[in-house]
Amino acid sequence: MSLPGGRHCLISGEPLTHLLHNTFVSAALPRWHQPVCSSFGRPQRPVCASAGVLERSAPAEATSRCSLTSLADSIKSGKRSAAEVTEEYLQRIESLDPQILSYLAVNGEGALTAARNIDEKVAAGSGAALGPLAGVPISIKDNILTQGIETTAASNILSGYHPPYSATIISKLQDAGAIILGKTNLDAFGMGSSTENSDFHTTRNPWDLERVPGGSSGGAAAAMAASLCAASIGTDTGGSIREPAAFCGVVGLKPTYGRVSRHGLVAYGSSLDTIGPLTHSVADAALLLGVIAGGDRHDATSSHEAVPDYLKGLQSREQLSSKPLRGYRLGLIASTLDEGVDRPIHDNLQRAAQHYESLGAEITTVKLPMFREGLTAYYLLAVAEASSNLARYDGVRYGLRVPADGIKGMYKGTRSQGLGAEVKKRILMGTYALSAGHVDAFYKKALQMRKVVRDEMDAALRDVDVLITPTTPSTAFKIGEHTTDPLELYRGDLMTVNLNLAGLPGISVPCGFDDSHRPGHPLPIGMQLIGKAHGEADMLRIAHIFEQTAEWAQGTPPDFQHDVGKMDMKRKGC
């Protein structure tokens with residue numbers, strides 16, 4: 001099977017473009033096509049008429065981007081009220097989100113009730129005993145089950161579904177004192193890289209409302225960029241945390257497979273799915289990972305390896321030596337900077353590598369011949385697992401049911417009306433790859449390629465502490481730009497899918513800007529660091545030092561700078 005640009009993979013002699021375009025995409029899309037917002041489910045929310053400029057109608061005093069630890073400490077000490085903080089975020093969501101559309105459901109009353117409970121404990125003198133996220137308002141991607149809050153995975157087939165239990169990570173977050181603000185938008189069932197495949201609405205990038213926020217955790221990343229939550233939880237099957245983090249200029253962490261329990265996650269590709277945080281800083285990501293990581297008896301694939309203190313060793317800039325990374329070796333993957341990567345991304349990654357050298361790290365160029373081949377294997381394995389996982393949505397047990405005279409008619413009506421075009425396409429692709437006549441040529445060889453990719457990356461990581469790549473080959477593209485060319489959208493996952501195939505951790509951190517598209521309106525660029533299995537602590541430290549010393553690499557969406565900077569931090573106690 002060939003990859004874009006004439007590269008070849010060992011999976012089959014038949015090109016991926018033929019499998020996607022001739023077999024499914026070109027022939028089937030006209031028959032499947034439906035409007036993004038159908039006649040059932042929730043209505044599409046209004047979008048600002050001037051799509052390129054955000055209306056500045058936020059509350060006069062928006063919550064500052066203080067660290068999660070500082071925010072929680074100020075609440076536990078009584079300097080701030082959890083209810084006050086939650087109310088500020090809810091007001092900001094009400095004011096700004098109709099233009100960004102990052103949320104699918106807002107848990108207003110539930111969030112305020114939980115916040116008041118925190119305040120009552122503080123007033124009773126129990127503040128010191130509260131968890132590390134006491135009173136911190138966070139958002140949850142809408143493919144993670146939340147008891148009492150609608151969970152749809154952004155698909156019409158689950159519209160109106162209220163889970164009878166919460167995912168394990170929700171229980172952990174609530175035990176740590178976190179306040180659930182609401183559920184964020186995504187590509188339906190996590191199938192997409194732009195959030196354009198949501199059955200309800202397309203989320204917009206706060207850096208430029210005409211552009212996508214990435215996907216599938218686009219709602220989470222957009223909410224973070226616009227400060228519509230203090231932190232967010234997303235999921236990553238092939239880059240769905242890291243890619244939107246790069247597009248929206250925030251931090252996105254994909255843990256080692258099994259490091260965080262998947263119990264209560266709406267499954268897409270079970271051997272690839274991971275859950276992780278999107279935050280404003282590496283330290284915040286480290287804190288959240290420490291809260292949600294750990295083994296779970298409800299998830300047989302979860303790791304029971306001890307969870308380290310990920311915040312330990314993350315020093316502020318003032319505490320760093322002149323060469324804080326002396327002795328570390330960082331490997332720059334050569335094939336991720338060749339043809340197909342936009343020039344501003346190439347240049348900013350080279351600048352980041354030079355900055356790491358100035359911090360004492362040794363930068364080496366690493367050749368991974370099979371790195372680009374992982375994209376083909378990933379899409380075969382992901383859609384194969386999806387075709388199995390999504391068979392449960394049949395109108396019998398939960399979700400949408402379309403009445404019909406017989407059970408076959410009910411199945412047909414429910415799935416044809418409840419599932420969107422991209423989801424149907426991937427189900428059919430997976431069914432085709434698993435069919436008796438093709439399982440050897442496609443699925444089994446994809447499994448072999450997965451092992452080749454994993455072994456190659458593991459070997460490289462024996463010689464270096466982390467690997468470095470761009471997170472994405474381009475910055476955020478315009479809404480609708482890739483609608484007619486799904487293969488171009490899939491190619492955007494080139495840098496990220498191998499980590500899911502290999503089960504390795506990765507983090508995307510801001511590393512500069514591209515203003516070539518629209519002068520004066522820069523778009524953020526992300527750098528991906530790849531760590532060893534269960535090596536999140538070292539990976540986080542290396543990312544954190546870069547963040548602390550490379551101010552040029554970070555920023556805030558221009559239309560939000562005036563809002564985020566207004567808080568009097570001394571008065572607010574953050």
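Source: prediction; values computed, not measured.
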Practice problem: In sequence, state the C-alpha distance, the side-chain angles, and the governing distance for Gln350 and Leu332, and then conclude on side chain to side chain contact (heavy atoms under 4.5 Å, CB included). | Solution: CA-CA 9 Å; Gln350 292 286 11; Leu332 193 60; 4.2 Å; yes
Quiz item: Stepwise, does the side chain to side chain contact (heavy atoms under 4.5 Å, CB included) test hold for Val251 with Asp284?
Solution: CA-CA 9 Å; Val251 173; Asp284 285 351; over 6 Å; no
Quiz item: Can Leu145 and Val266 be said to form a side chain to side chain contact (heavy atoms under 4.5 Å, CB included), step by step?
Solution: CA-CA 7 Å; Leu145 301 189; Val266 177; 4.0 Å; yes
Quiz item: When you look at Asp273 and Thr235, which way does the side chain to side chain donor-acceptor pair (under 3.5 Å) test go after all the steps?
Solution: CA-CA 7 Å; Asp273 293 340; Thr235 65; over 6 Å; no
Quiz item: After noting the C-alpha distance and the side-chain angles of Ser232 and Ser139, does the key distance pass the side chain to side chain donor-acceptor pair (under 3.5 Å) rule?
Solution: CA-CA 5 Å; Ser232 191; Ser139 64; 2.6 Å; yes
Quiz prompt | Audit row: Lys141, Ser216, side chain to side chain donor-acceptor pair (under 3.5 Å) steps and yes/no | solution = CA-CA 9 Å; Lys141 188 175 179 180; Ser216 63; 2.6 Å; yes
Practice problem: Determine, step by step, whether Leu368 and Asn498 satisfy the side chain to side chain contact (heavy atoms under 4.5 Å, CB included) criterion, reporting the C-alpha distance in whole Å, the side-chain angles of both residues, the deciding distance to 0.1 Å, and the verdict. | Solution: CA-CA 11 Å; Leu368 300 181; Asn498 288 302; over 6 Å; no
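Remark: side-chain polar atoms of Arg204 are not paired, donor with acceptor, to backbone N or O of Ile479 under 3.5 angstrom. With hydrogens and angles disregarded, a donor-acceptor distance shorter than 3.5 Å links the side chain of Tyr356 to the backbone of Ile542. In this structure, Arg372 contributes its side chain and Ser335 its backbone to a donor-acceptor pair below 3.5 Å. Panel note: side chain Glu547, backbone Val509; no donor-acceptor pair is recorded below 3.5 Å. Although no hydrogens or angles enter the test, the distance criterion places no donor-acceptor pair under 3.5 Å between the side chain of Lys254 and the main chain of Ser508. A distance-only check finds a donor-acceptor pair linking the side chain of Arg450 to the backbone of Leu501 [under 3.5 Å]. No donor-acceptor pair under 3.5 Å is formed between the side chain of Asn205 and the backbone N or O of Arg211. Without hydrogens or angle criteria, Glu536 side chain to Gly531 main chain gives no donor-acceptor distance under 3.5 Å. Remark: side-chain polar atoms of Glu456 are paired, donor with acceptor, to backbone N or O of Met370 under 3.5 angstrom. Between the side chain of Ser95 and the backbone N or O of Gln91, no donor-acceptor pair lies under 3.5 Å.
By the 4.5 Å heavy-atom criterion applied to side chains, Val453 and Met457 are counted as neighbours. Side-chain contact between Leu400 and Ser159 is absent, with no heavy atoms from C-beta onward closer than 4.5 Å. Within the 4.5 Å cutoff, the side chain of Leu381 has no heavy atoms near those of the Ser271 side chain. Looking at heavy atoms from C-beta onward, Met539 lies in side-chain contact with Leu253 at the 4.5 angstrom threshold. At least one side-chain heavy atom of Arg262 sits under 4.5 Å from a side-chain heavy atom of Tyr257. Side-chain contact check for Met449 versus Thr376: every heavy-atom pair is 4.5 Å or farther apart. Residues Ser227 and Arg92 are in side-chain contact: their nearest non-hydrogen atoms beyond the backbone lie under 4.5 Å apart. In this structure, the side chains of His482 and Val212 stay at 4.5 Å or more apart for every pair of heavy atoms.
Counted by atom type alone, Asn143 and Tyr268 present zero donor-acceptor pairs between their side chains at under 3.5 Å. Side chains of Thr469 and Gln528: a donor on one and an acceptor on the other come within 3.5 Å. No side-chain donor from either of Asp342 and Thr475 sits under 3.5 Å from a side-chain acceptor of the other. The closest side-chain donor-acceptor pair between Ser217 and Ser240, if any, does not fall under 3.5 angstrom. Using modelled atom types, one finds no donor on one side chain facing an acceptor on the other under 3.5 Å when comparing Thr274 with Asp236.
Residue Ile530 holds its CD1 atom at 10.0 Å from CE of Met495, rounded to the nearest 0.5 Å. Distance check: Glu196 CD to Phe477 CZ gives 5.5 Å after rounding to the nearest 0.5 Å. A distance of 9.5 Å separates CD of Glu357 from CG of Leu330, quoted to the nearest 0.5 Å. Distance CD1/Ile149 to CD1/Ile140: 8.0 Å, rounded to 0.5 Å. Interatomic distance, Ile138 CD1 to Ile180 CD1, rounded to the nearest 0.5 Å: 4.0 Å. Residue Asn156 holds its CG atom at 5.0 Å from CZ of Phe200, rounded to the nearest 0.5 Å.
Contact detail for Ala353 and Ile363: the closest heavy-atom pair is O-CG1, 3.7 Å. Of all heavy-atom pairs between Leu278 and Ile233, the closest is CD1-C, 4.4 Å. Minimum heavy-atom separation, Pro524 to Cys248: CG-C, 3.8 Å. Of all heavy-atom pairs spanning Ile525 and Pro344, the tightest one is CD1-O, 3.7 Å. In terms of heavy-atom proximity, Ser193 sits nearest to Asp493 at OG-OD1, 2.9 Å. When all heavy atoms are compared, the tightest approach of Asn500 to Gly238 is OD1-CA, 3.3 Å.
If you run side chain to side chain donor-acceptor pair (under 3.5 Å) between Ser102 and each of Thr203, Thr184, Asp97, only Asp97 comes through. Residue Ser198 forms a side chain to side chain donor-acceptor pair (under 3.5 Å) with just one option from Asn185, Asp187, Asp142, and that option is Asn185. Exactly one residue among Thr471, Thr472, Thr496 makes a side chain to side chain donor-acceptor pair (under 3.5 Å) with Glu243. That residue is Thr496.
Ring orientation note: the planes of Trp552 and Phe546 are nearly perpendicular, at an angle over 60° on the 30°/60° scale. Between Trp207 and Phe513, the angle of the ring planes lies from 30° to 60°, which puts this pair in the tilted group.
In this structure, Glu481 places its CD atom where more than 12 heavy-atom neighbours from other residues, nucleotides or ligands lie under 6.0 Å away.
The distance between the ring centers of Phe189 and Tyr393 falls below 6.0 angstrom.
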